[in-house]
Amino acid sequence: MASHHFPNENIIYNPYGISPNHARPDTAFADTLNMKNENDLSFYMHDGNSKIRMLPLPIANPNDFLPEDMKQYSVHLTDNFAFDTDNKPIGSGGSSEVRKVKSSYRQKGIYALKKLNMIYHESPEKFYKRCSKEFIIAKHLSHNVHITKTFYLLKVPTTTYTTRGWGFIMELGVKDLFQLMERTGWKNVPFSEKYCLFKQVAQGVKFCHDNGIAHRDLKPENVLISKEGVCKLTDFGISDWYHVVPHDYTSPAKTCQGMIGSPPYTPPEVMYFDAKKHYPERFQKPYDPLAMDSYALGVMLITMINNIIPFIDSCNTDARFREFEVSYDNFINHQNPHFRDKGCHKQGPGSEYSLARNFKNTDATRIAWRLADPNPATRYTMDDLFEDPFFQQIETCVEPDDDDLVMAPELRKSTSVSDFTENSLDASPEQETIHTSNPFLKKEAITSKPRSMLEIAQSPSLRQKPKVKGNTKAKPHDGADEEDQRSIKSKQQEHSEDLNEDEERDETMEDALNNVDSLLEKPTPTSTKIENIPSEEDSTRKELKSMLNSIPATPTHNGPTPVPANAVTSLDKRMSDLSLKSETSASTKNFGPPDVSSSSNSLRSLGSPGGPSSKKKNVVHHHLDITNSVTNMSSVSAFISR
Ligand SMILES: Nc1ncnc2c1ncn2[C@@H]1O[C@H](COP(=O)(O)OP(=O)(O)OP(=O)(O)O)[C@@H](O)[C@H]1O
């Protein structure tokens, strides 16, 4: 079907949505299925989606699960936020749904609410532990321009918009990298811009590693792009501290076991744990979670340059992956025996190798292939990558230590536990905003048309969204950061003064930063109108089929006995305690051939006043300015089945 819509386009990107049970690929959680608790009443409480269960009342207080230095002044969403009236989900994952919410005090204070759902068979206690862990890690890392800021962990009431539970208030992204890559214009994005995006992602990953965290689920869907075009990592749902003593970075590194992550970004040593592959146990060895991130980064780079994932699974049941492994060995045996040696920066594979051809640059293939080395023992680490001369000279539009303009939302109101009856967790939209003195919000609540739970369950997920910059090294459990503290203080002391300041701030930022909504509503550049889009499942199957048929069968290496390649990749979800078990500079250079449709510098004006370019740089890419030949984006979203 992709071929129906994107004639001559090589973007058969999403191979995932072929299982009727999965609207989009979910992250695999290790041991997810081991937690069935038949006595848990909430097991039987659904909200219309059989995979989502409601938390039993009373909903736990987030502060009971947070370390002292992260405890929050307010723990109820409706104290200081209201749902955006357009009421559209802007993203969803295996265990969450993301919507826009507004600050009750700043009209332009629009944030993302990642509403967390219980995974099937998960007990409420496990849910609280899993979510608070994700929050603590995300908050711990929220001090870098390449990390999506996570501000608060709040109780969410049942409304027409969502069911009760917990949610994160986060910085809003405009799009994720997957959404950029699925645009028809992506293949025309110049190499220099793609490398810029790649380097930004790598800087985010390096920041995680330098601060004791292995992400473990890197993929384009988990890279948000702010409206200034800055890449920010998100989704720390299966991330973990990788030191034996979490905040003691001198303590030994841990290793992991179990199937986690998202194929094809999950490396071969982790795929051995995939129950569906039936590998013998002897292949399942503890693996290094940092090497997992390196591999994912390498596969992302190959995907970004080729405009297509290189294989479906990184294991020898996949013919394309086998071909990659054979090519890797051939290159080393016949062309560069020192390719895997530390510090070797000789040229990487050239155009005779299919997964190198499109790079048109053997320095670039070196970093891609060294990161995606099937052997974790010799794979590039993030330090190796940052020492690579090609990587070093990639120019980015933003530096890791640039200031981040994202402001923490203000907290003024805190409903005490005694004020907040459990019934109020099932508030109507009117009730949600009744406490606020902001007439704008009251009006919205009254005029928005309530939707039935059925409507909500049936409404399709529309994906869209948005924002940039800052840096300080994250400190262990650094809890309420300066911005948060400022917010809390202002709430306690200077309400009216702050309101004026906010309004002023809004005014000055108005020209520099487009209103999120207007930016999101910007019409997509169009050249072709697509109609009669076939069902996503049929189309994706066709794509996969043709893709797989075109793969030459190559002999397997000396690995485990392969099982027949199965195109229908439904991820094995197993729940666990999610804990790891046991353990620059730039210069201007264009690395690729000149590209006719470069969007480089095209929107300098948008990026300059207050964007990342304010203290920067020669090059400003507008990474969001990627054309699309399809007008109906909701259809496209459905087609790619996210
Ligand atoms: N802060 C945000 N701003 C805008 N969009 C977001 C934001 N956070 C998440 N999204 C969108 O929602 C999607 C799902 O979010 P996320 O990956 O955090 O959920 P998840 O349930 O943990 O997913 P997964 O199944 O990968 O574990 C993202 O791919 C992104 O498109």
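Hydrogens, waters and symmetry mates are skipped; everything else that's a heavy atom, side chains included, is used. Atoms within a ligand are numbered from 1 in the order they appear, just like the ligands themselves.
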Relative to the heavy atoms of A112, which atoms of ligand 1 are at a distance of less than 4.0 Å?
1 (N), 2 (C), 3 (N)
Which of the numbered atoms in ligand 1 are below 4.0 angstrom from a heavy atom of E221?
28 (C), 29 (O)
Pairs of nitrogen or oxygen atoms closer than 3.5 Å, one from K219 and one from ligand 1: do any exist?
yes
Is the Y287 to Y272 ring centre distance short of 6.0 Å?
no
Show which atoms of ligand 1 fall inside a sub-4.0 Å distance from at least one heavy-atom site of S95.
21 (O)
Which one of P220, A138, S96, S92 has a non-hydrogen atom at the shortest distance from atom 20 (P) of ligand 1?
S96
Does any N or O of ligand 1 fall below 3.5 Å from an N or O anywhere on T234, backbone included?
no
For N222, the ligand 1 atoms whose distance to one of its heavy atoms is below 4.0 Å
17 (O)
Min over E171, K114, K175 of heavy-atom distance to atom 18 (O) of ligand 1 lands on K114
May I ask you to list the atoms of ligand 1 that are less than 4.0 angstrom from any heavy atom of G94?
21 (O), 23 (O), 24 (P), 25 (O)
Would you say the side-chain atoms of D176 pair up with the backbone N or O of L224, donor to acceptor, closer than 3.5 Å?
no
Could you tell me how the ring of Y161 sits relative to the ring of F83: parallel (under 30°), tilted (30 to 60°) or perpendicular (over 60°)?
tilted
In ligand 1, the atoms that come under 4.0 Å of a heavy atom of D217 are 26 (O)
Ring pair (Phe, Tyr, Trp, His ring centres under 6.0 Å) involving Y128 - partner list, sequence neighbours excluded:
F65, W166
Of the backbone atoms (N, CA, C, O) and the side-chain heavy atoms from C-beta on, which set of V174 has a member under 4.0 Å from an atom of ligand 1: side chain, backbone, both, or neither?
neither
Can you tell me if I238 has a non-hydrogen atom under 4.0 Å from ligand 1?
no
So, D313 side chain and P263 main chain: donor-acceptor pair closer than 3.5 Å or not?
no
Main chain of P289, side chain of H215: is a donor-acceptor contact present, judged purely on distance under 3.5 Å?
no
Please enumerate all residues that pass ring pair (Phe, Tyr, Trp, His ring centres under 6.0 Å) together with F135, with sequence neighbours excluded.
F168
Nitrogen or oxygen atoms of M170 and ligand 1 under 3.5 Å apart:
no
Which ligand 1 atoms, with their elements, are less than 4.0 angstrom from a heavy-atom of G91?
11 (C), 12 (O)
Classify the ring geometry between H209 and Y242 as parallel (under 30°), tilted (30 to 60°) or perpendicular (over 60°).
perpendicular
For M304 against L197, the heavy-atom pair lying closest together
CE-CB, 3.7 Å
